[in-house]
**Q** 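Take this structure, written in structure tokens, and hold onto it; I'll ask about it next.
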Amino acid sequence: MADTRKFAIVADIGGTNARFSRVALDTLALDKVAVYPCADFATLADALSHYQQQQGLTALKDVAIGIACPINGDEVRMTNFHWQFSIKAMQAGLGLDTLLLMNDFTAVAMSLPALADDQKIQIGGEAAKPAQPMAVLGAGTGLGVAHLVPFGQKYIPLPGEGGHVDWAPQTEQEWFIYQQLAAEHGHVSPERLLSGPGLEAIYRALAAYQKIDTPALTAGEIGQQALSASSALAVATVEQFYASLGSIAGNLALTLSTFGGVYVAGGIVPKLLPLLGRSEFRQRFDAKGRFSGFNRQIPVFIVTAEQPGLLGAAVYLKQTLAG
């Protein structure tokens, strides 16, 4: 790799925050990490330009960005934020040699083979099998979903919008939640529950289900009260969150026989990790009728790496530049 391409810039753009880093493409080491609120900038190009100038990186001309929306051509429109742009126009406007855009969970998926043992925690299942498909999902501002398939020495990411499929209630409590959400939104997807706004929606629905008169709380407040066990309703909310997350994760395992593992990333689960063990997460992951034995073999990993999206964007960029 030419000296001029020893370093590059990678970014992970969510519905709330924009994360940037410099990466050494030979080692995938990240440094000069900066996080900005998306709302501080009119456009993504403005945010990237600000980062380059602030960090003294205007000479770097190769950029890879994971962003929270589908990438289906040149025009990009974010799902949960107002940024929209042309990739070609942004590349030309910033004078970049390479501008690689991918769905944010495509980037997270690309990080999976590069994760160190201390950047993930296994929850049940057997050992991950080499050269087998993997899946990743993560709850944050929304619910991201992707798969990753090994192909020789490379990896093929399979982006998708699995967070927007139908959510299937399985208990009386979940049927109540479903009816509440259907009245609000019509279509009820997993993202309506498995996200920051989803935690808040579960909390409101369970308050109605239990006939509790309580003020609405933010996702952060719900998490804090659940972790401190100061609110039984908050604890029940997190338990329902984990039960539904286990069901969806188990569906992904079945869809592509992911014996390489199912990985749970995103901003919410690592913060609520102490409550995962007491939940039905793994039971619901395995509870697939005649294929329960199939799923019991598949390992689940909680991704604890701070910036998997940045790492994955770097892996994808390195693979792309290598040809």
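What you see is a predicted model; the values in this text were computed from it and never measured. These values consider heavy atoms only, across backbone and side chains, with no hydrogens, waters or symmetry-generated copies.
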**Q** Could you tell me whether the side chain of Gln122 and the main chain of Glu126 form a donor-acceptor pair under 3.5 Å?
**A**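 Between the backbone of Glu126 and the side chain of Gln122 there is a qualifying donor-acceptor contact (under 3.5 Å).
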**Q** Quick one: OG on Ser21 to CD on Gln55, what's the gap to the nearest 0.5 Å?
**A**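 Reported to 0.5 Å precision, the distance equals 9.0 Å.
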**Q** Would you say the side-chain atoms of Ser49 and Asp46 include a donor-acceptor pair closer than 3.5 Å?
**A**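 Their side chains do not contain a donor-acceptor pair, so the 3.5 Å distance test is not met.
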**Q** Report yes or no: does Gln319 contribute a side-chain atom to a donor-acceptor pair with the main-chain N or O of Tyr155 at less than 3.5 Å?
**A**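 Flag set: sc Gln319 to bb Tyr155 pair under 3.5 Å.
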**Q** Does the pair Glu174/Arg284 count as a salt bridge with the N-to-O cut at 4.0 Å?
**A**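 Looking at Glu174 and Arg284, the cut-off is met.
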**Q** Hey, does the side chain of Asn103 reach the backbone of Cys69 with a donor-acceptor pair shorter than 3.5 angstrom?
**A**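 Yes, the answer is positive, given that a donor and an acceptor are paired below the 3.5 Å cut-off.
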**Q** When you measure from the side chain of Trp83 to the backbone of Phe41, do you find a donor-acceptor pair of N or O atoms at a distance under 3.5 Å?
**A**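 The answer is yes, because a donor-acceptor pair under 3.5 Å joins these two groups.
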**Q** Is it the case that the ring center of Tyr242 lies less than 6.0 angstrom away from the ring center of Phe285?
**A**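 No: the rings miss the under 6.0 Å criterion.
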**Q** Is a side-chain donor-acceptor pair under 3.5 Å present for Glu75 with Gln84?
**A**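 Distance-only check fails for Gln84 and Glu75.
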**Q** With distance as the sole test, does Ser292 use its side chain to make a donor-acceptor pair with the main-chain N or O of Asp286 at under 3.5 Å?
**A**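 Judged by distance alone, yes, a pair lies under 3.5 Å.
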**Q** Distance from Glu239 atom CD to Leu276 atom CG, nearest 0.5 Å?
**A**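 Between atom CD of Glu239 and atom CG of Leu276 there are 11.0 Å.
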**Q** Kindly assign one of parallel, tilted or perpendicular to the pair Phe259 and Phe294, based on the angle between their ring planes and the thresholds 30° and 60°.
**A**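 Plane angle over 60°, so perpendicular.
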**Q** Would the distance check show the side chain of Lys288 and the main-chain N or O of Gly250 forming a donor-acceptor pair, the cut-off being under 3.5 Å?
**A**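 No, the answer is negative, given that no donor and acceptor are paired below the 3.5 Å cut-off.
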**Q** Counting distance only, does the side-chain N/O of Gln119 pair as donor-acceptor with the main-chain N or O of Ala116 below 3.5 Å?
**A**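 Confirmed, Gln119 side chain pairs with Ala116 backbone.
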**Q** If we count only N and O atoms by modelled type, under 3.5 Å, do the side chains of Gln53 and Thr58 hold a donor and an acceptor together?
**A**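 No - no donor-acceptor pair under 3.5 Å links their side chains.
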**Q** Could you give the distance from CG (Leu44) to CZ (Phe81), rounded to the nearest 0.5 Å?
**A**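 Leu44 atom CG to Phe81 atom CZ measures 10.0 Å (nearest 0.5 Å).
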**Q** Given Val145 and Glu161, is the side chain to side chain contact (heavy atoms under 4.5 Å, CB included) satisfied, shown in steps?
**A** CA-CA 6 Å; Val145 173; Glu161 292 298 326; over 6 Å; no
**Q** Test your reading of the model: is there a side-chain donor-acceptor pair from Thr258 to the backbone of Gly260, 3.5 Å cut-off?
**A**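 A pair under 3.5 Å: no.
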**Q** Are Glu184 and Arg204 close enough for a salt bridge, meaning some N to O gap below 4.0 Å?
**A**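 Yes, Glu184 and Arg204 are salt-bridged.
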**Q** Using a cut-off of 6.0 Å, state whether more than 12 heavy atoms not belonging to Gln54 lie near its atom CD.
**A**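 Yes, CD of Gln54 has more than 12 neighbouring heavy atoms, counting only those of other groups under 6.0 Å.
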**Q** Taking atom CG of Asp31 as the centre, report whether more than 12 heavy atoms of other residues, nucleotides or ligands fall under 6.0 Å from it.
**A**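 Atom CG in Asp31 is packed in, count exceeds 12.
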**Q** Using modelled atom types and a 3.5 Å cut-off, is there a donor and acceptor pairing between side-chain atoms of Asp74 and backbone atoms of Ile87?
**A**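 Judged by distance alone, yes, a pair lies under 3.5 Å.
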**Q** Just checking, is any N or O donor in the side chain of Tyr209 or Glu172 under 3.5 Å from an acceptor N or O on the other one?
**A**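 There is such a pair between these side chains.
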**Q** Output yes when a side-chain donor or acceptor of Arg282 lies under 3.5 Å from a complementary backbone atom of Ile123, and no otherwise.
**A**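 Answer holds: yes.
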**Q** What I want to check is whether the side chains of His50 and Asp40 have a donor and an acceptor closer together than 3.5 Å.
**A**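 Short answer, no.
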